[in-house]
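Inspection log for the structure reproduced underneath, given as structure tokens.
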Amino acid sequence: MTTIERISPENTSSLSPVYKEVFSGNPWYEERICSGARLNGEEKCAVQYTSRAVPTDYAWKFDKDKGTGVRGESAGLEKCVACERDLIEFYPDFVNQNDLIKEALGEQGFIGFLLRDSNQQPFGFSWGYKTPQNRTVSVNFPLVRPLLASRGIDQDKTFYWAELGIVDKKQGSGFGLLASAMQLKEAKREGYQSFVVRTKNERVLSILKRIFSGKTAERLFADPEKETPWYGGNFQDANMEEISKILKKSRR
């Protein structure tokens, strides 16, 4: 049976390793990255490296000239093939997931859930919070907020859905839908009128369509730093009957 528990400072030691495991997989492939990603301007090189095979139709393909994208089947590489700099671990060398988790817990309006299997092993999570004004580890909100405002979004009443992740071996079994339904039900209950999410994961859009009465989340703009698409929607479209069914059926 799957159990769902609130994320709190007491269980972050369980959350940290599963966070790293989730984002090393498809579609993020955040396994290793060129150390040039720490630089700015023309010297920056943000090529990611994964030991896995990347699908041929992957949207964020390796581009040597631009220093972007993901290079697959790279287990034996030690240097970046685009700029010859050293490769580093994505977590925690480029992004420290422990700092990211701690920061999220401190954000106003934090709502988060951790999924565990029948052996009490963590395998998934979902969390978010009120759209912040400050820059976070992952998002430059001082640049994003004017773009949200230009789309008529009241950010004082908007929930930023920051994270959703299920380990590879558990994907495709409805657990992402379960975590999302729990997350968004709680956000609606706490009075948020709208939500925004930044994602390149098409599964997230499918989940949102099911939860929000068949409506496709609106694509808002590309992130000003990472070019990842932002999407939004209204909680008035949430199908609470469907959410209740998901929560009832998916606990197993």
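Remember, predicted model here, so these are calculated numbers, not experimental data.
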Return the [atom1] to [atom2] distance between [X] and [Y], rounded to the nearest 0.5 Å.
| X | Y | atom1 | atom2 | value |
| --- | --- | --- | --- | --- |
| Leu100 | Thr136 | CG | OG1 | 7.5 Å |
| Lys209 | Asn239 | NZ | CG | 14.0 Å |
| Asn134 | Asn140 | CG | CG | 10.5 Å |
| Met182 | Ile4 | CE | CD1 | 5.0 Å |
| Lys66 | Lys44 | NZ | NZ | 15.0 Å |
| Ile101 | Thr12 | CD1 | OG1 | 6.5 Å |

To check you understand the geometry: which heavy-atom pair defines the closest contact between [X] and [Y], and what is its length?
| X | Y | value |
| --- | --- | --- |
| Gln155 | Arg145 | OE1-CG, 3.0 Å |
| Gly25 | Asp168 | CA-OD2, 4.0 Å |
| Trp28 | Gln48 | O-NE2, 3.0 Å |
| Ser14 | Leu114 | CB-CD2, 4.3 Å |
| Thr68 | Val47 | N-CG2, 3.6 Å |
| Ser180 | Gly176 | OG-O, 2.6 Å |

Evaluate side chain to side chain contact (heavy atoms under 4.5 Å, CB included) for Tyr49 paired with Phe90, printing each intermediate quantity in order. CA-CA 9 Å; Tyr49 293 82; Phe90 200 101; over 6 Å; no
Kindly indicate whether the side chain of [X], heavy atoms from C-beta on, has any atom under 4.5 Å from the side chain of [Y].
| X | Y | answer |
| --- | --- | --- |
| Glu78 | Leu87 | no |
| Phe141 | Gln133 | no |
| Val196 | Tyr231 | no |
| Val95 | Glu30 | no |
| Val139 | Arg198 | yes |
| Glu242 | Lys245 | yes |
| Thr50 | Arg71 | no |
| Leu115 | Thr3 | no |

ILVMFWY cluster, [X] and [Y] together (side-chain gap under 4.5 Å):
| X | Y | value |
| --- | --- | --- |
| Phe221 | Phe159 | yes |
| Tyr29 | Phe62 | no |
| Ile33 | Val81 | no |
| Ile243 | Leu205 | yes |

With no hydrogens and no angle check, is any side-chain donor or acceptor of [X] less than 3.5 Å from a backbone partner on [Y]?
| X | Y | value |
| --- | --- | --- |
| Lys188 | Ser194 | no |
| Ser35 | Asp86 | yes |
| Lys61 | Thr56 | yes |
| Asp117 | Gln120 | yes |
| Thr199 | Asn201 | yes |

Side chains of [X] and [Y]: is there a donor and an acceptor less than 3.5 Å apart?
| X | Y | value |
| --- | --- | --- |
| Asn234 | Gln193 | no |
| Tyr19 | Glu163 | yes |
| Ser51 | Arg32 | no |
| Trp161 | Ser126 | yes |
| Ser16 | Asn98 | yes |

Could you check Arg6 against Phe113 for side chain to side chain contact (heavy atoms under 4.5 Å, CB included), going step by step and ending with a plain yes or no? CA-CA 5 Å; Arg6 284 270 192 173; Phe113 296 96; 3.9 Å; yes
Looking at Trp230, Phe195, Tyr192, which one forms a ring-ring contact (aromatic ring centres under 6.0 Å, His included) with Tyr160? Trp230
Parallel, tilted or perpendicular for Phe110 and Trp127, by the 30°/60° rule? tilted
Using the six-membered ring wherever Trp is involved, compare the ring planes of Tyr91 and Phe23 and label them parallel, tilted or perpendicular (cut-offs 30° and 60°). tilted
Taking 4.0 angstrom as the limit, do Arg52 and Glu73 come out as a salt bridge? no
Checking Gln183 against Ile111 for the side chain to side chain contact (heavy atoms under 4.5 Å, CB included) test, could you report, in this order, the C-alpha distance in whole Å, the side-chain angles of both residues, the deciding distance, and whether it holds? CA-CA 7 Å; Gln183 174 83 39; Ile111 304 170; 3.8 Å; yes
Should Leu105 and Ile7 be marked as a side chain to side chain contact (heavy atoms under 4.5 Å, CB included) after you check the CA-CA gap, both sets of side-chain angles, and the distance that decides it? CA-CA 8 Å; Leu105 280 163; Ile7 294 173; 4.1 Å; yes
Starting from the C-alpha separation in whole Å, work towards a yes-or-no answer on side chain to side chain donor-acceptor pair (under 3.5 Å) for Thr131 and Thr158. CA-CA 6 Å; Thr131 305; Thr158 299; 4.9 Å; no
